[in-house]
Amino acid sequence: MATGGKSAAGDKVGTADPWASHPIRQPSRWRRNLILLVILVLAGWLTWAWQGLREEALVGAAYGARVGCVCRYVSKRPLAACEGDLKVAGLGGIARRVSLSEDAGKQAITGSVPLLASQSADFHETRGCQLEPWQD
């Protein structure tokens, strides 16, 4: 039995979309503005602190390369053991973010902090482990 009721202005009658009667809820403006403000503050802080972070990462990478070189080529230990020693080192926690890689052909160890810095140290029989010159 069909109803003969009248529809009010703005009613959607006879739409093909079954979800048309359920409006999509948009986030409120204050929440969107708060998120944008937080993103802007974080971007500003990162811009301000970038040079300090990069310098700290360069020191950590150089420390890791030198310690890794001595551990690997002077003490003749495996690179995994050298990384374990590096993870417990000081340097305000940056040493835990340093990863080591080896170039056996050149007898060199590279310490790197992802996206920030990389430094290498190579081993010579007469000089021992020596860092490559810093690149700015």
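Values reported hereafter were calculated over all heavy atoms of this structure, with side chains retained and with hydrogens, waters and symmetry mates removed.
Pairing each heavy atom of Asp85 with each of Cys71, the nearest pair is OD2-SG, 4.3 Å. Of all non-hydrogen atoms in Thr110 and Ser118, the two that sit nearest each other are CG2-OG, 3.4 Å. Scanning both residues, Arg77 and Cys82, for their nearest heavy atoms gives O-SG, 4.2 Å. Here the closest non-hydrogen pair linking Pro78 and Arg72 is C-CD, 4.3 Å. In this structure, Gln107 and Tyr73 approach most closely via the heavy-atom pair CA-OH, 3.5 Å. Shortest non-hydrogen contact noted between Gly111 and Ala61 is O-CB, 3.4 Å.
Between the side chain of Glu83 and the backbone N or O of Leu100 there is at least one donor-acceptor pair closer than 3.5 Å. Judged purely by atom type and a 3.5 angstrom limit, Glu132 has no side-chain atom pairing as donor or acceptor with the backbone of Gln119.
Distance check, rounded to the nearest 0.5 Å: CD of Gln51 to CG of Leu53 gives 9.5 Å. In this structure, the separation between CG on Leu34 and CZ on Arg31 is 9.0 Å, given to the nearest 0.5 Å. For the atom pair Ile35 CD1 and Leu40 CG, the distance stands at 12.0 Å (nearest 0.5 Å). From Leu42, atom CG reaches atom CG of Leu37 across 9.5 Å, with rounding to the nearest 0.5 Å.
No chain of hydrophobic side-chain contacts below 4.5 Å, direct or via other Ile, Leu, Val, Met, Phe, Trp or Tyr residues, connects Trp45 to Ile39.
Counting heavy-atom neighbours within 6.0 Å of Arg97 CZ, excluding the residue itself, gives a total of 12 or less. Other residues, nucleotides and ligands contribute only 12 or fewer heavy atoms inside 6.0 Å of the CG atom of Leu115.
Between Ile109 and Phe123 the shortest side-chain heavy-atom distance does not fall below 4.5 Å.
Across Leu86, Leu131, Val98, a single residue satisfies side-chain contact (heavy atoms from CB on, under 4.5 Å) together with Tyr63, and that is Leu86.
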